[in-house]
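Structure, as structure tokens:
Lettering follows sequence order; numbering is per chain, from 1. Reckoned from all heavy atoms, side chains included, excluding hydrogens, waters and symmetry mates.
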Amino acid sequence: MPRYTPASIEPKWQQYWAQNQTFRTPEMPAGKKLYALDMFPYPSGSGLHVGHPEGYTATDIVCRFERMRGRTVLHPMGFDAFGLPAEEHAIKTGEHPRSNTENNIREFTRQLKMLGFSYDWDRVLATTDVEYFRWTQWIFLVLFDTWFDAEQQKGRPISELPIPAEVGAQGENTVRKYQDEQRLAYQADALVNWCPGLGTVLANEEVIDGKSERGGHPVVRMPLRQWMLRITAYADRLEKDLEPLDWSSGIKKLQSDWIGRSVGAEVDFHVGQASSLPGFEQWKASRAKSGFPRKPADDVLRIYTTRPDTLFGATYMVIAPEHPFVQRLTTPEQKSAVEAYVQKAVSKSDRDRQDATKTKTGVFTGSHAINPVNGQPVPVWVADYVLWGYGTGAIMAVPAHDERDFEFAILFKLPIRAVVAPTDHWLRSAAIAAIRKKADLDKNIDALAASRGQPDLAQSIRDGVVKSATEILAQSPIQELLKDYSQRPAEYGPFIVEGTAINSGSYNGMPTAEFTSKITADLAAAGLGREAVNYKLRDWLFSRQRFWGEPFPILHELDEHNQPTGMIKAVDMKDLPVDLPHLDDYKPHGRPEPPLGKAPAEWLYPVIGGKKYRRETNTMPQWAGSCWYYLRFIDPRNGQVFVDKEKEKAWMPVDLYVGGAEHAVLHLLYSRFWHKVLFDRGYLSTIEPFQKLVNQGMILGENGEKMSKARGNVINPDDVVKEFGADSLRLFEMFMGPLEAVKPWSTAGVVGVRGFLDRAWRLIVDDKSEVLMLNVSVQHTEPTEEQNRTLHKTIKQVTSDLEGMQFNTAIARMMEFVNFFTKQSIRPHSVMERFVLLLSPFAPHVAEELWQLLGHAKTLAYEPWPTFDDALTKDAEIEIPVQILGKLRGKVVVPAGSDQPTLIAAARAEPRIAELLSGKEVVKTIVVPGKLVNFVVK
RNA sequence: GGCCGAGUGGCGAAAUGGCAGACGCACAGGAUUUAAAAUCCUGUGUCCCGUUAGGGACGUGCGGGUUCGAGUCCCGCCUCGGCUACCA
């Protein structure tokens, strides 16, 4: 009977914890706090995946450990429950997304509770709870009420936005529009993927090759009024504040690359006919007086470059197909070609356009612009390798020093002009590569070899050609090579790193960095350019044409004919939440407007203060709810504010945040952005939400491939718990390897850790007896010296492994402990007690059971963590390896703490060492006390 | 193409520049048993010499380097995985 049976032990303790509210967190921490957070799951219909418990177990172990060390722990769980699958399910079956979502949450909750995580379930929340998204909407209104003061680098209330006099003079509506343009939440026309076949708008990742992922229907891109969040305003702070965070350097870099800050210059190219140089001179003269205008007028093409030092090498320009100048710059002869090109480019999805493997495309507009540094006309092309959304949507192309421009120039036979002298090494290897390429393509060599009846000879002829050319090159002076490069840069390929200026007028000889700052200053002085900073990060497209998301708390004003006036109004904060309306069905209605357009009139057209409005019908993206849930967990039932200020101050920041790397960029960036806005507006005390971040590695199937239904290698946690128990599942997921590593599942491995728990059980329990009782070996005696040393070593190692989140080695240490004590016929009660406490964070159910059996009435969750005496962990004698010339030649046993002379003497006394050293001269002896002795001999 | 991570026994893995392979799986031998399962004990990197005791060589993806000493640090490659995709 008293075999280890998790199936009865585990539910017993789960019930105990629930009934006694063991893990209920106090409102405010007493003493040191720990806020440990898991990335909450999307409750999908397929239930918990074995990947979920990996991170959840890790945080749970840390929480249980720190609770025993006296910290007040906040460890909550919730559900990121808005999302597409529930809506698609609704379209298919007519079942309301809410009921489907709630069923899934119930199932997830059951599975999570089955694993014995010490969450405070009283704090559970779902982003779909009306009382939760009421505050999501409230935060949106804060964003709506905020503008970014670039000078102070801070978000401020819109009421504090200075109104320029000329705007103020034009009346209230102009002022309101001006304010609306400055808000962090604003509207803009953005392109959406509209799929007429499915009657819905699709996300970028749902579009493949211009067709819908489901059904393969054509997808067109069309502009739609969208809500945007001005995250770019915070780009600098989002990047700078990363630095002190306790995140892996990889994740920090990922975020920083995503933000993609670059410093360069904006330069205006005068747009005129090639012959109209006088116009250019006039323009230049006027610019010298007026300076560089904030916004470019129609007479110039403004470009952004990070390499203004290559201005003299600009041989053509490219504007994006969406650039407003396309039409104006296209000459009549080029009109049809340009129009056809633009038409095709605009209809392509972003993904297709950005497929870098494809060869470049483009078309000449027929017009030229004047290079401001040398007055030379350069042709303007349209090509989709220039993106409208970045910089100014126009570039100067410097093919000699940019890979993309080089490829394009070769393709369209545009001139290439070298303006940076490469290093000697680069020049020589580029020259050799060019010769090799030429030789490889030379058909004459094949013909020669064939004529001799030895086709195989071709390769050695080629090698010979390259070899002799290399020898000649090695002897030719570098000036000559440089001259050749300067004349024929196309042969050498693009040189894209820094160097020294050539062919650049008075700037010749300057190193790139110096040149860049000098010419930027010169351009600025002449009113032709200015320093500029750009980010890859774009503003966040925040609206979705979906039903199952948070409604926007925004109203559009209507006039007496029920037509929108273009003015918008925020729903009053006291009127939140704006709940989702009832819909009769969820089928798409065939127009690109959101499904909420089908809502009943009493929802869609509220009348407030005698004025009629139409509600915003877009909904928020899934990211919205997950942007701030960590704050709500601190105060989940507060009906007055989103989080109480005092509580926020006491609990924030999150001390440990664990989740998958797939959220390394977007979720974390969005959360950090909202957090900073809320901080600026005085609602939060911290500038960053997540102090320490750990990304768990993916768990693969037993065959080493990604788990998926299609591959048939999915492991279901329910099955594992049924067969081995939750403690075994937890333990195995931690024993597999380091938390961050990608690792394959192994059922044999689960058997292994289950075996360990069985052995630990038998260590303490009499498994032969009919009733549950202690093993006769467990006695109230003092531990022997050796037993005590094993105990203290184990406590020391498990403790430090836990502090470093090295769960796999901590478990190995406990296995060693069990192996040792299994051989002991007397196992001191006090030692067993402390072992059970060590085990408890990993395998809490069996630990509670053993703790009870060892004579304790109450849970061990708040028992003090065992301490160790470092002196007791030390062995009296240690074995020291002895090396000769770094090779292991013997070992000596010496008292621990022996000094250098003792060690050397002991080593020399070892017969084998003495034999090997005889007749040799020891030139050096290396002694690392406690570690090794190494004789260096001649 | 770029960035990040990883390559160690038959497998999962361990190792502040200091005895490579802890711990687990698997396998082998033994004890217990009428027998088996379960359990407990012992062994297990490869190769070579030796009947044994023991000894030796090799060994952390490949090639170099630094060092008394390198899985660990540096340089150059190869393979696999993840992320990313023309950001001027």
Handout entry: Spacing between Ile884(A) atom CD1 and A57(B) atom P, to the nearest angstrom
Key = 11 Å
Practice task
Going by the ring-ring contact (aromatic ring centres under 6.0 Å, His included) test, name the single residue among Trp761(A), Phe724(A), Phe756(A) that passes it with Tyr4(A).
Solution key: Trp761(A)
Fill in the blank from the handout: The nucleotide from C19(B), C4(B), C25(B) with an atom nearest the side chain of Lys253(A) is C4(B)
Handout entry: Whole-Å C1' distance, U32(B) and C41(B)
Key = 11 Å
Handout entry: Single hit among Phe807(A), Trp745(A), Phe842(A) for ring-ring contact (aromatic ring centres under 6.0 Å, His included) with Phe732(A)
Key = Trp745(A)
Handout entry: A37(B): pairing nucleotide in any strand, Watson-Crick or G-U under 3.5 angstrom
Key = none
Exercise for the section: Name the nucleic acid region contacted by Asp405(A), choosing base, sugar-phosphate or nothing; use a 4.0 angstrom heavy-atom cut-off, strictly under. Expected result: nothing
Problem - Basic-acidic side-chain contact under 4.0 Å: Glu239(A), Arg261(A) - result: no
Exercise for the section: Would you mind pulling out the nucleotide paired to U72(B), Watson-Crick or G-U wobble, both distances under 3.5 Å? Expected result: none
Exercise for the section: Provide, to the nearest angstrom, the distance between the CZ atom belonging to Arg759(A) and the P atom belonging to C41(B). Expected result: 6 Å
Handout entry: Side-chain heavy-atom pair Arg759(A), Asn819(A) within 4.5 angstrom cut-off
Key = yes
Completion exercise
Of the listed A14(B), C23(B), A88(B), the closest approach to the Asn808(A) side chain comes from A14(B)
Problem - Euclidean distance for P, U60(B) against G10(B) (whole angstrom) - result: 13 Å
Fill in the blank from the handout: Ranking Asn534(A) and Phe935(A) by the position along RNA chain B of their nearest nucleotide, the one closer to 5' is Phe935(A)
Practice task
Would you kindly give the CG-to-P distance between Asp801(A) and A13(B), to the nearest whole Å?
Solution key: 17 Å
Handout entry: Atom-pair distance (CH2 on Trp258(A); C1' on G82(B)), nearest Å
Key = 15 Å
Exercise for the section: Remember a base hit wins even if backbone is also touched, and classify Arg754(A) as base, sugar-phosphate or nothing at under 4.0 Å, heavy atoms. Expected result: nothing
Exercise for the section: Quick one: look up who G5(B) pairs with, Watson-Crick or G-U, both distances under 3.5 Å, and put none if it's unpaired. Expected result: C80(B)
Exercise for the section: Mind checking Ser262(A) for me? I need base, sugar-phosphate or nothing, with any heavy atom below 4.0 Å counting as a touch. Expected result: sugar-phosphate
Handout entry: Mate of U60(B) where both pairing distances stay under 3.5 Å, Watson-Crick or G-U
Key = none
Completion exercise
Using Watson-Crick geometry (N1-N3 plus N6-O4 or O6-N4) or G-U wobble (N1-O2, O6-N3), each under 3.5 Å, G50(B) is paired with none
Handout entry: Nearest-nucleotide pick for Asn819(A), side chain only, options being C41(B), G18(B), C23(B)
Key = C23(B)
Exercise for the section: Hey, can you tell me if Phe408(A) and Tyr316(A) have their rings parallel, tilted or perpendicular (30° and 60° cut-offs)? Expected result: parallel
Exercise for the section: Determine the Euclidean distance between corresponding C1' atoms of G69(B) and G17(B); express it in Å to zero decimal places. Expected result: 8 Å
Exercise for the section: Output yes when Lys768(A) and Asp766(A) qualify as a salt bridge under the 4.0 Å nitrogen-oxygen rule, no when they do not. Expected result: no
Practice task
May I ask you to check whether Trp623(A) and His667(A) place their ring centers less than 6.0 Å from one another?
Solution key: no
Exercise for the section: Could you check which nucleotide pairs with A22(B) in any of the strands shown, counting Watson-Crick or G-U wobble with both distances under 3.5 Å? Expected result: none
Handout entry: For atom OH of Tyr385(A) and atom P of A88(B), their distance in whole Å
Key = 13 Å
Fill in the blank from the handout: Separation of A53(B) atom P from Arg912(A) atom CZ, nearest Å, is 17 Å
Completion exercise
Quick note, Leu932(A) side chain, CB onward, closest among G18(B), G24(B), A13(B) is G18(B)
Exercise for the section: Between C68(B), A88(B), A13(B), spot the one nearest the side chain of Lys924(A), thanks. Expected result: C68(B)
Practice task
Report yes or no: is there a donor-acceptor pair, N or O only, under 3.5 Å between the side chain of Lys823(A) and the base of C41(B)?
Solution key: no
Practice task
Looking at every strand, decide which applies to Ser746(A) at a 4.0 Å heavy-atom threshold: base, sugar-phosphate, or nothing.
Solution key: nothing
Handout entry: Candidates A22(B), C19(B), G56(B) - which lies nearest the side chain of Glu816(A)
Key = A22(B)
Problem - Whichever of Asn934(A) and Ile880(A) has its nearest RNA chain B nucleotide further upstream toward 5' - result: Ile880(A)
Practice task
Under 4.0 Å between any heavy atoms, over every strand shown, what does Arg762(A) touch: base, sugar-phosphate, or nothing? Just pick one.
Solution key: sugar-phosphate
Completion exercise
For Arg730(A) and Pro841(A) the tightest heavy-atom approach is NH2-O, 2.9 Å
Completion exercise
When rounded to whole Å, the CG to C1' distance for the pair Leu888(A) and C68(B) reads 15 Å
Handout entry: Gap between atoms CD and C1', on Gln883(A) and G17(B) respectively (whole Å)
Key = 12 Å
Handout entry: G-U wobble or Watson-Crick pairing nucleotide for U32(B) (cut-off 3.5 Å, both distances)
Key = none
Problem - Strand partner of U66(B), provided both Watson-Crick or wobble distances fall under 3.5 Å - result: none
Problem - Glu879(A) side chain, from C-beta outward: closest of G18(B), A88(B), C19(B) - result: C19(B)
